[in-house]
Amino acid sequence: MEVGCAGGLEELCPVCGDRVSGYHYGLLTCESCKGFFKRTVQNNKSYACVENQRCRVDKTQRRRCPFCRFQKCLYVGMRLEAVRSDRMRGGRNRFGPLYKRDRAMKQQRRALIQARFPPLTPTAPQGGPPSAGGFPCPPPSDRSPPAAGLLLDPHTELVLTVPGVSRLVLGGAAPPLERGGFSRMFSGVEQLLCALVGWARTSIFFRQLKVGDQMRLLQGCWCELLVQDVVSRLLLQGRGGGSLDLLPGPEVELSDMVSLAGPALVSLTQRGAELLDSLSFLEVDPQEFTCIKLLILFNPDVRDLEDPGFVAGVQQQVAGVLRESPLRPGSPQDPGRFPRLLRGLSELRGVSRQVEEVLCCRQLRGEVPGNSLLSEMLQAGGAAGV
DNA sequence: TGTCAAGGCCAT
DNA sequence: ATGGCCTTGACA
Ligand SMILES: [Zn+2]
Ligand SMILES: [Zn+2]
């Protein structure tokens, strides 16, 4: 458990809460989680959880369930790529600059905080906000414009470029499925998933949840977020140009697709096309897409939430913004628009279920690498019965 | 040349 | 299998 060294950083390991010993595989962690992550990835170990993937991982219980420990490692952002397959020692990797920036950021923030509050600052993020009433910044009193501004986080406009995902998820399968096709898509999905987790964690409401609830929400909606992200990117990029060239997939004939990928992907492709059609007709704008993303994330129906009331509260607020937001400055509010958007959302959920099914099949065929975020998400979803 | 994250070692 | 401590080595 680490011999105590005075002074040093007062930072805690995001996985188990033990003392941090430096940057390891992408972020500050303790020595034991560093070793655990290394062993797991190097030896390609896979664990099973005898509970429901919800075990507490802290300094005293971290050895009890390696599955949940590793799941948390991935969740907090430890990077598989930082484990060297050639086992080369020493030197620096491509995360060096990231560590440097992170250090600078922390120091800057520390200085700022100390300047403001000389003696105080125990750095309290929040315990558990009660329910509906406890929103810190925006009392729902104000009218729509400021509320919208507070709800939308700055990462909204982040555009992720993930080659291959849009075509494979919504546009059917690329022909060379057997060699490289899926693994290319997998890596795209993995990156996107990682980015989506990062996006969620920038949300101020999301950060007020306990980590357990954060994970439960993401395990419940990762695939919907994935689909939504791809859809919104296609629509926002495609507007202005010819619409939706990507859709049937320029390279693959429908008949080829049936023989190559089976009917499941074809029906998925068609549903995806329908979804894109209806949303493109609605001309959903980026702000609305962000609201939809938040509605997807804050789903109070997810099982076993510790604080479903808070999640429901956020959901209602976001829905309110979406319902009342003044759309284009010129056009009047259309009272029928909000229901149509919700209808689109439920279509999206249907597509998501099919995508998840396809990915799940891939996993059963052993095509999804273990030790991946995608694999963890699929396992959690399957175990929960969704 | 010092730094410090990667991998290795080995008592527990 | 775990985790505290050791060695390595690209980069500044
Ligand atoms: Zn730890
Ligand atoms: Zn567990």
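Letters A, B, ... are given to chains in the order of the sequence lines, protein chains preceding strands, and every chain is numbered from 1.
- In this view, A/Phe37 and A/Tyr25, A/Phe70 satisfy the ring pair (Phe, Tyr, Trp, His ring centres under 6.0 Å) rule, not counting sequence neighbours.
- Geometrically, A/Arg62 does not engage A/Phe36 in a cation-pi contact, judged by NZ or CZ lying under 6.0 Å from the ring centre and within 45° of the ring axis.
- Per the geometry, CE belonging to A/Met78 stands 13 Å off P belonging to B/dA5, to the nearest Å.
- Between the CZ atom of A/Arg94 and the C1' atom of C/dA12 there is a distance of 20 Å, rounded to whole Å.
- Following rounding to the nearest Å, A/Asp18 (CG) and C/dC5 (P) show an atom-to-atom distance of 12 Å.
- Crowding of A/Lys100 atom NZ: a count of heavy atoms from other residues, nucleotides or ligands under 6.0 Å not exceeding 12.
- Applying the ring pair (Phe, Tyr, Trp, His ring centres under 6.0 Å) test to A/Phe206 and every residue at least two apart in sequence or in another chain returns nothing.
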Quiz prompt | Letter per nucleotide, 5' to 3', of nucleotides 7-12 of chain B [B base touched, S only sugar-phosphate touched, - untouched; heavy atoms, 4.0 Å] | solution = BB----
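- In this view, A/Phe67 satisfies the ring pair (Phe, Tyr, Trp, His ring centres under 6.0 Å) rule with no residue, not counting sequence neighbours.
- The side-chain contact (heavy atoms from CB on, under 4.5 Å) check on A/Pro308 picks up A/Leu305, with sequence neighbours excluded.
- A sub-4.0 Å separation between OP1 or OP2 of C/dG3 and a side-chain N or O of A/Arg63 is present.
- Across all strands, A/Arg69 comes closer than 4.0 Å only to sugar-phosphate atoms, never to a base (heavy-atom distances).
- In this structure, A/Phe95 atom CZ and B/dA6 atom P are separated by 8 Å, rounded to whole Å.
- Within the structure, a side-chain polar atom (N or O) of A/Tyr99 is placed less than 4.0 Å from OP1 or OP2 of B/dA6.
- For A/Asn43 and C/dA1, the CG to P distance is 8 Å, given to the nearest whole Å.
- Between A/Lys100 atom NZ and B/dC4 atom P there is a gap of 12 Å when expressed in whole angstrom units.
- Taking atom CG of A/Asp86 as the reference point, atom C1' of C/dT8 lies 13 Å away to the nearest angstrom.
- Applying the ring pair (Phe, Tyr, Trp, His ring centres under 6.0 Å) test to every pair with at least one member in residues 88-109 of chain A, sequence neighbours left out, gives these pairs: A/Tyr23-A/Tyr99.
- Between A/Leu28 atom CG and B/dC4 atom C1' there is a gap of 12 Å when expressed in whole angstrom units.
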